[in-house]
Protein chains: 2
Amino acid sequence: MKYTTQMDAAKKGIVTDEMKIVAKKENMAEKDLLELIAEGKVVIPANKNHKSLNPEGVGEGLKTKINVNLGISQDCCNIEKELEKVKLAIEMKTDAIMDLSNYGKTELLRKDVIGMSTAMIGTVPMYDAIGFNNKQLKDLTVDDFFRVVEKHGQDGVDFVTIHAGLNRETARVIKENPRLTSIVSRGGSLLFAWMELNKEENPFYEHYDRLLDICEKYDITISLGDACRPGCIEDATDAVQIKELITLGELTKRAWKRNVQVMIEGPGHMALNEIKANMLLEKKLCHGAPFYVLGPLVTDVAPGYDHITAAIGGAIAASSGADFLCYVTPAEHLRLPSIEDMKEGIIAFRIAAHAGDIAKGIKGARNWDNAMSKARADLDWEAMFSLAIDSEKARKYRAESSPEHQDTCTMCGKMCSARTMKKILNNEELNI
Amino acid sequence: MKYTTQMDAAKKGIVTDEMKIVAKKENMAEKDLLELIAEGKVVIPANKNHKSLNPEGVGEGLKTKINVNLGISQDCCNIEKELEKVKLAIEMKTDAIMDLSNYGKTELLRKDVIGMSTAMIGTVPMYDAIGFNNKQLKDLTVDDFFRVVEKHGQDGVDFVTIHAGLNRETARVIKENPRLTSIVSRGGSLLFAWMELNKEENPFYEHYDRLLDICEKYDITISLGDACRPGCIEDATDAVQIKELITLGELTKRAWKRNVQVMIEGPGHMALNEIKANMLLEKKLCHGAPFYVLGPLVTDVAPGYDHITAAIGGAIAASSGADFLCYVTPAEHLRLPSIEDMKEGIIAFRIAAHAGDIAKGIKGARNWDNAMSKARADLDWEAMFSLAIDSEKARKYRAESSPEHQDTCTMCGKMCSARTMKKILNNEELNI
């Protein structure tokens, strides 16, 4: 192999097979893509051991990608059910799947997921650290933390969330300046607890080079986690969040020196008017590294509808520069999502990503909309169904409520504006 | 009576009962509200014959309001079902209901709706013109158009949509510069057809003063309809749309001279990055009149999910100055909405309006969110349920998936970040 990672290849001017595929998908010149990867502005998360991967790029100028979370937990540990979710998520065109399993036979599930997935796979090794090492949180050693990352790398994980930015200094600020919801990152809270219980520095921060060794070896993309992301709109854009982001920017540069690919994770919960500034801050403080955001949720009051509160924020984030959206389902804040919840979340986030792509001027993004609009003006129902983001639901809705005039729908019947305009502009008899 | 309309009263310095109620609801000084009404920046749609009304204000500095559409059509003419929708819509805290009935016994339904509704009621008299006058569209006379408006006024309608801005000149531009989806406004397309068939000017434009006479008499607020609103993102912010908006601005000033209250209706379908500019344009071209928008839908490809595409646009619109959002349901573009569709639409738009209110800094808007966030940090599930925008759904979701540790949920179980942080910051035993 003449290169270690995609970034190393890009810096050496080598166009990898993965770059060729991504350039084609993005309708982009290979040399332009290569330059963006060399600069760290685009990543192709592609672990050398993930053989079934159909690679995707994430970053500047590329289509906004979406991620689906799944995995087993102590309360819901049905492996078959999670594998069913994987299949459906891929059918529904998700670009990435994070296996967030934190209990039981995580290795079995992870290997199955990676083996069957054409989508890139991410994990949070911290979730698995307790189970994998079979120890209490407090008793984990520094070696234990890295052992689990190494294992995930061997298994073929394409990107790992690592909360390396939560150092002792940031932990001190969190304690001295209480927030409404403190730390809401699961991995972040576990690391914080470990640091408090052991009076130690965050091992991923202190021994960051060990992490880079592993990531370079397998070409794992580091997704630098935001342990201090706001858990409510009130805590958004506060000093702790931005302080951690500055640290993530420093860690990004260190990774790039080792040719390790990096994404940055972002909020969270945030008032609508703060989103654009947050996208700018990430791009500046993290030197153009791709931004991977969760939501953001633009209000805290709608459990049961957080796919909507988050799609609003996600669309605005994508239009303002976010590159990768982690989906949120209606089950957020309430329970582990069901298959139906997952489906609702994927559609909401495909909408958000696409709306963002239209707004940020991704080439050809509007073609889909324009084809639909032409079908609408023509009252061509079959074309509308086949173009719909969820053909099945669109068909079902119309079938359940049948109009007298077959060219119209039961909303307006013969008062249909498309029908009226079509007839009047073609000098046909109107009969209203 | 010492005044004709709320605007007339405001100009005379009279604080009406309606103003007192609205000022209290908005947590605003009566004199500030009075000034905004006198300037036309706020309206209180309150027909003198709508006795059951609990008035709301719409406009600058006030909470964003939402409207629910319902009504019977040729294909769906079950009056009982529509009355059931009215009840539920009011329970679900809609601020306004538009009865868009266009077939059959519209008068009976309208009177029932007005009689039972504490929410303001709007109609589009054009939809009712054919049925009320019992004529074919082509045969309607100028008197017929105004007769139906007068009737709606007598019945107690608080605001009427009138597409007075679609004049012959604008119709010519539409014909000579074809759009992807031409005119998609139902009332606009009917008026366009009438104008084409009769080679006449739009009666509401040509005889606008007759309209003002009727509106002044009952204190009906005119909602100046945007016949040329874009029906797809490709047609948005085009010359025809903006040309009509300029005309609406002229008509606004004429109404204000007669002390008739005015709102302006707006798009429609629109790429996310165009929304803010459109809000500015309306406020400038229409001299600060309240803006009432439908959506806007930020992509055309998601029939079955247009409550989401429209909530994204609606939230951005509200945050950028829109005052009043017309809801969109999952049934949009497919059928007349069911009760379930209506419910989904209302929640999506209450979310959009509230997210907008937080962003535009409406006093106290965040209190609701902060109470929820505190309940989350405390793991106080009962408080979370009672604060949720839809308590029933939140409860149901949690009840369907029960965690081992009752303070957590099945998403994270004992790995719950709120639980971890609470225990570690209180020096309680963690046991993970």
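Numbered from 1 within each chain, the chains take letters A, B, ... in sequence-line order.
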Is the backbone N or O of A/Thr420 less than 3.5 Å from a side-chain atom of B/Ser189, with the two atoms forming a donor-acceptor pair by type? no

For residues A/Met372 and B/Asp300, report the shortest heavy-atom separation together with the two atoms involved. CG-O, 3.2 Å

Does the B/Arg376 side chain pair with the main chain of A/Cys232, one donor and one acceptor, at a distance under 3.5 Å? no

Any donor and acceptor pair, going by atom type alone, linking the side chain of A/Thr181 with main-chain N or O of B/Ala377 inside 3.5 Å? no

Which residues satisfy the ring pair (Phe, Tyr, Trp, His ring centres under 6.0 Å) test with B/His269, sequence neighbours excluded? B/His333

Heavy-atom check, side chain of A/Ile358 versus side chain of B/Val298, under 4.5 Å: no

Heavy-atom distances under 4.5 Å only: say whether B/Asp306 touches chain A with side chain, backbone, both or neither. side chain

Side-chain heavy-atom pair B/Met411, A/Pro337 within 4.5 angstrom cut-off: yes

Tell me the closest heavy-atom pair linking A/Ala348 and B/Ile308, and the distance in Å. CB-CD1, 4.1 Å

Of A/Thr408, A/Ile347, A/Thr309, the largest count of non-hydrogen pairs under 4.5 angstrom with chain B goes to A/Ile347

Heavy atoms only, distances under 4.5 angstrom: which of A/Leu100, A/Asn69, A/Leu137 has the most pairs with chain B? Name it, please. A/Leu137

How close do A/Arg335 and B/Cys409 get, heavy atom to heavy atom, and via which atoms? N-SG, 3.8 Å

Roughly how far, to the nearest 0.5 Å, is the OG atom of B/Ser73 from the NZ atom of A/Lys414? 11.5 Å

Let me check something: any side-chain donor-acceptor pairs from residues 422-432 of chain A under 3.5 Å, sequence neighbours excluded? List them with distances.
{"unit_1": "A/Lys422", "atom_1": "NZ", "unit_2": "A/Asp378", "atom_2": "O", "d": "3.2"}
{"unit_1": "A/Asn426", "atom_1": "ND2", "unit_2": "A/Lys422", "atom_2": "O", "d": "3.0"}

Minimum heavy-atom separation for B/Ile183 and A/Met421, please, with both atom names. O-CG, 3.3 Å

SG-OH distance between A/Cys412 and B/Tyr103, expressed to the nearest 0.5 angstrom: 15.5 Å

If you count heavy-atom pairs within less than 4.5 Å of chain B, which of A/Glu400, A/Lys138, A/Lys396 leads? A/Glu400

Distance alone, cut at 3.5 Å: any donor-acceptor contact between the side chains of A/Asn273 and B/Ser319? no

Sidechain-backbone polar pair: B/Thr410 side chain, A/Leu336 backbone, donor-acceptor under 3.5 Å: yes

Residue among A/Ala394, A/Gly413, A/Gly356 with most heavy-atom pairs under 4.5 Å to chain B: A/Ala394

Toward chain A, the part of B/Glu196 with a non-hydrogen atom under 4.5 Å: side chain

With a 4.5 Å cut-off on heavy-atom pairs, point out which of A/Leu387, A/Asn370, A/Ile389 contacts chain B the most. A/Asn370

Taking all non-hydrogen atoms of both residues into account, name the closest pair between A/Ile351 and B/Ala302 and its distance. CD1-CB, 3.6 Å

Assert top hit (heavy-atom pairs under 4.5 Å, partner chain A, pool B/Ala365, B/Ala375, B/Ala315, B/Ser373) equals B/Ser373

Quick one: closest heavy-atom pair of B/Pro330 and A/Tyr397, and the distance? CB-OH, 3.6 Å

Do B/Thr299 and A/Asp369 pair up side chain to side chain, a donor and an acceptor below 3.5 Å, judged on atom types alone? yes

What's the spacing between A/Ser320 OG and B/Leu272 CG if we round to 0.5 Å? 7.5 Å

Tell me which of these, A/Ser402, A/Ser401, A/Ala271, has more heavy-atom pairs under 4.5 Å with chain B than the rest. A/Ser401

Side chains of A/Cys416 and B/Arg186: closer than 4.5 Å at any heavy-atom pair? no

